[in-house]
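Along the sequence shown, residues are numbered consecutively beginning with 1. Since this is a predicted model, take the numbers as computed values, not measurements.
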Amino acid sequence: MVNVIGLRSLLMAMNGTAPFWDALTTFTSAIAQLLLMQRYLESWYLWIGVDTIYVPLYASRGLYLTSFLYAIFWLLAIGGLQNFKRLYSEQKQRQPEA
């Protein structure tokens, strides 16, 4: 949370229009990417949450094409979550009982 507050302060100094939301989504996106690189299922929940914030955030700024793009990313994140769940389920079934 300290990183979000620090980034928010920087964005406020740069006259950002939504510094808290920009800081929150930037920091959460970085965490989600790190988790995704390590193949954690939870990364997809973060991506879904971030994209849920991005869509109305960009729309409120009049960036409708960007908002539409993030709506597509939101759908892709839901698909990624379902795919990871399916893959993990298949891996569990293949593992022999110890």
Side-chain angles (χ1 to χ4, degrees):
M1 189 65 171
V2 172
N3 294 327
V4 172
I5 293 169
L7 184 55
R8 177 185 163 267
S9 299
L10 176 66
L11 293 171
M12 286 177 66
M14 297 171 63
N15 295 323
T17 56
F20 172 76
W21 294 111
D22 284 335
L24 179 66
T25 52
T26 300
F27 185 72
T28 306
S29 294
I31 298 297
Q33 185 59 41
L34 291 172
L35 291 175
L36 185 59
M37 290 183 332
Q38 306 232 345
R39 300 188 57 87
Y40 281 98
L41 178 72
E42 293 80 4
S43 67
W44 292 108
Y45 292 109
L46 291 176
W47 282 122
I48 291 167
V50 164
D51 292 336
T52 300
I53 295 170
Y54 274 136
V55 171
L57 182 64
Y58 286 128
S60 71
R61 295 178 184 175
L63 301 169
Y64 300 112
L65 189 56
T66 304
S67 181
F68 178 71
L69 177 64
Y70 276 87
I72 293 171
F73 290 159
W74 184 78
L75 292 172
L76 289 171
I78 291 172
L81 174 63
Q82 292 172 342
N83 189 40
F84 262 50
K85 282 183 175 181
R86 182 183 53 79
L87 288 172
Y88 286 158
S89 175
E90 289 174 2
Q91 286 177 354
K92 270 188 174 178
Q93 290 175 356
R94 288 186 204 151
Q95 291 179 348
E97 299 270 335

Minimum side-chain heavy-atom gap [X]-[Y] below 4.5 Å:
X   : Y   : result
Y58 : L69 : no
L34 : Q38 : no
Q82 : R86 : no
W44 : L36 : yes

Please report the interatomic distance [atom1]([X]) to [atom2]([Y]), rounded to the nearest 0.5 Å.
X   : Y   : atom1 : atom2 : answer
I53 : W74 : CD1   : CH2   : 13.5 Å
L81 : K85 : CG    : NZ    : 4.5 Å
L35 : T28 : CG    : OG1   : 10.5 Å
D51 : L46 : CG    : CG    : 11.0 Å

Joint cluster assignment, [X] & [Y], ILVMFWY side-chain distance < 4.5 Å:
X   : Y   : answer
I31 : L41 : no
V55 : I78 : no
L75 : V50 : no

Under 3.5 Å donor-acceptor, [X] side chain and [Y] backbone:
X   : Y   : value
T52 : I48 : yes
S60 : L57 : yes
S29 : T25 : yes

Mind telling me whether Y70 and F73 have parallel, tilted or perpendicular rings, with 30° and 60° as the class edges?
perpendicular
Minimum heavy-atom distance between A77 and W47, given as atom pair plus value:
CB-CB, 4.0 Å
Closest contact, heavy atoms only, A32 versus S43
O-CB, 3.5 Å
Do Y88 and F84 have ring centroids that are under 6.0 Å from one another?
yes
